[in-house]
Amino acid sequence: MKEKELSEIVDLRGKAALVTGSTSGIGLGIARALAESGCDLFLNGFGEPDVIESLRVRIATEHHVRVSYFDADVSKPEQCSDLISRAQIEAGKLDFLVNNAGIQYVAPTETFPQERWDALLAVNLSAPFHLIAAALPAMRAQKFGRIVNIASVHGLVGSIHKCAYVAAKHGLVGLTKVVALETAGTGITCNAICPGWVLTPLVQRQIDAKAEAKGIDAEKAAQELLAEKQPSCCFTTPEQIGALAVFLCSESASNLSGACLPVDGGWLAQ
């Protein structure tokens, strides 16, 4: 089944979703998939204002849904709370929270800069905590909610030179399980998607760095990156992640909670 076909059979009209880090990459793929299913959207992320506005208008026009943009910096706890409040006030409710915003930095543990460690944990782990904590009271009151955390295969296994990212994503997997247990039987679910290699701007920077370090072209560097870990030797697409997020928000997934779902081309099967 194609990703678009799935979104066409899942009807999310009348629902409202906040997707962090949704101005590019995986977050944008998720936002578009939710819009295709009729869901109103709150976008959040960094970028040029005119580019973001064009994106907002295009999604709204193509899918006939309401789309707003909030420029909150999710590394700051007070802005996380404000982001949830603004979404709830504008839509009157918040049905789906997708914690996707993430950053990366690569270095050996002994030389990993403290400020980079703090930044990665703030965005990749603390932000989902603050956003979930702010969203849960209203979700409990309405007896419905879907929380989807975009973790990583690195939330389930380690890789060298990624101490902060791996630690944060392992923490996000743990947070997912705790929230699932605390909300069991309330109409709220909490799950994590754990992608392997997805060709996003963040991963492209890693490919470019590998190409420069080894003196090879970007295409060869990309294939080497895939071959190291991902047996399928092809990237997962943001659209595929979006289709899975739509399913997790659907009624069909109402009894699926606390799951950490790898989309990794066989990475963890080895």
Side-chain angles (χ1 to χ4, degrees), residues 16-35 39-60 62 65-88 90-91 94 96-107 113 115-132 134-135 147-152 154 162 164-165 168-169 171-172 193 195 197-209 235-239 241-242 245:
L18 168 63
V19 186
T20 65
S22 51
T23 51
S24 67
I26 291 173
L28 179 55
I30 293 170
R32 283 177 166 150
L34 288 167
C39 186
D40 293 331
L41 287 176
F42 298 102
L43 303 176
N44 161 259
F46 295 123
E48 294 295 327
D50 56 339
V51 174
I52 294 172
E53 176 60 13
S54 176
L55 177 66
R56 185 195 68 78
V57 171
R58 186 162 64 251
I59 294 174
E62 288 178 358
V65 296
R66 293 177 55 195
V67 183
S68 301
Y69 167 73
F70 297 141
D71 61 353
D73 180 352
V74 297
S75 71
K76 297 177 169 55
E78 67 279 5
Q79 293 196 34
C80 290
S81 299
D82 183 58
L83 180 57
I84 296 296
S85 295
R86 291 167 69 186
Q88 290 170 335
E90 184 161 325
L94 183 63
F96 312 138
L97 169 62
V98 182
N99 288 306
N100 168 77
I103 58 175
Q104 177 64 289
Y105 187 82
V106 179
E115 65 274 13
R116 293 288 189 173
W117 170 274
D118 293 342
L120 261 76
L121 264 66
V123 174
N124 295 355
L125 179 56
S126 294
F129 161 73
H130 293 302
L131 289 160
I132 290 169
I147 298 166
V148 180
N149 295 321
I150 306 305
S152 168
H154 283 116
K162 296 182 178 180
Y165 190 80
K169 294 301 186 179
L172 186 55
I193 299 175
W197 291 123
V198 183
L199 191 55
T200 63
L202 186 150
V203 171
Q204 186 62 55
R205 286 194 289 273
Q206 294 182 59
I207 292 170
D208 293 342
F235 289 103
T236 301
T237 68
E239 291 75 19
I241 303 298

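Just the heavy atoms: all of them, side chains too, but no hydrogens, waters or symmetry mates, feed the values below.
- Side chains of Pro195 and Ile241 form a contact here, defined as non-hydrogen atoms less than 4.5 Å apart.
- Between Ala134 and Gln88, the shortest heavy-atom contact is O-NE2, 4.2 Å.
- Annotation: the span from Leu55 atom CG to Arg32 atom CZ amounts to 6.0 Å, rounded to 0.5 Å.
- Using a 4.5 Å cut-off on side-chain heavy atoms (C-beta onward), Gln204 and Leu199 make contact.
- Residue Ala35 comes nearest to Ile59 through the heavy atom pair CB-CG2, 3.7 Å, listed as atom of the first residue, atom of the second, then distance.
- The minimum heavy-atom distance between Phe42 and Ala87, with the atom names listed, is CZ-O, 3.4 Å.
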Give the table of side-chain donor-acceptor pairs shorter than 3.5 Å for residues 16-28, with sequence neighbours excluded, one pair per line with atom names and distance.
unit_1, atom_1, unit_2, atom_2, d
Thr20, OG1, Asn100, N, 2.9
Thr20, OG1, Ala101, N, 3.0
Ser22, OG, Val19, O, 2.6
Ser22, OG, Asn44, N, 3.0
Ser22, OG, Asn44, O, 3.3
Thr23, OG1, Phe46, O, 2.9

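- Evaluation of the side-chain hydrogen bond (donor to acceptor under 3.5 Å, both in side chains) rule for Gln206 yields Lys162 as partners, not counting sequence neighbours.
- Among pairs with a residue in residues 75-85, those fulfilling salt bridge (Lys or Arg N to Asp or Glu O under 4.0 Å) read Asp73-Lys76, Asp82-Arg86, at least two apart in sequence or across chains.
- In this view, Asn149 and Asn99, Thr176 satisfy the side-chain hydrogen bond (donor to acceptor under 3.5 Å, both in side chains) rule, not counting sequence neighbours.
- Closest non-hydrogen pair, Ser152 versus Lys169, comes out as CB-CG, 3.9 Å.
- The aromatic rings of His154 and Trp197 sit perpendicular, their planes meeting at an angle over 60°, well past the 30° parallel limit.
- When all heavy atoms of Ile150 and Ile30 are compared, the pair lying nearest together is CD1-CD1, 3.7 Å.
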List the atom pairs, with distances to 0.1 Å, where a side-chain N or O of residues 115-129 and a protein N or O form a donor-acceptor pair under 3.5 Å, not counting sequence neighbours.
unit_1, atom_1, unit_2, atom_2, d
Asn124, OD1, Ile103, N, 3.0
Asn124, ND2, Ile103, O, 3.0

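- Under the salt bridge (charged side-chain N to carboxylate O under 4.0 Å, His left out) criterion, Glu53 pairs with Arg56, sequence neighbours left out.
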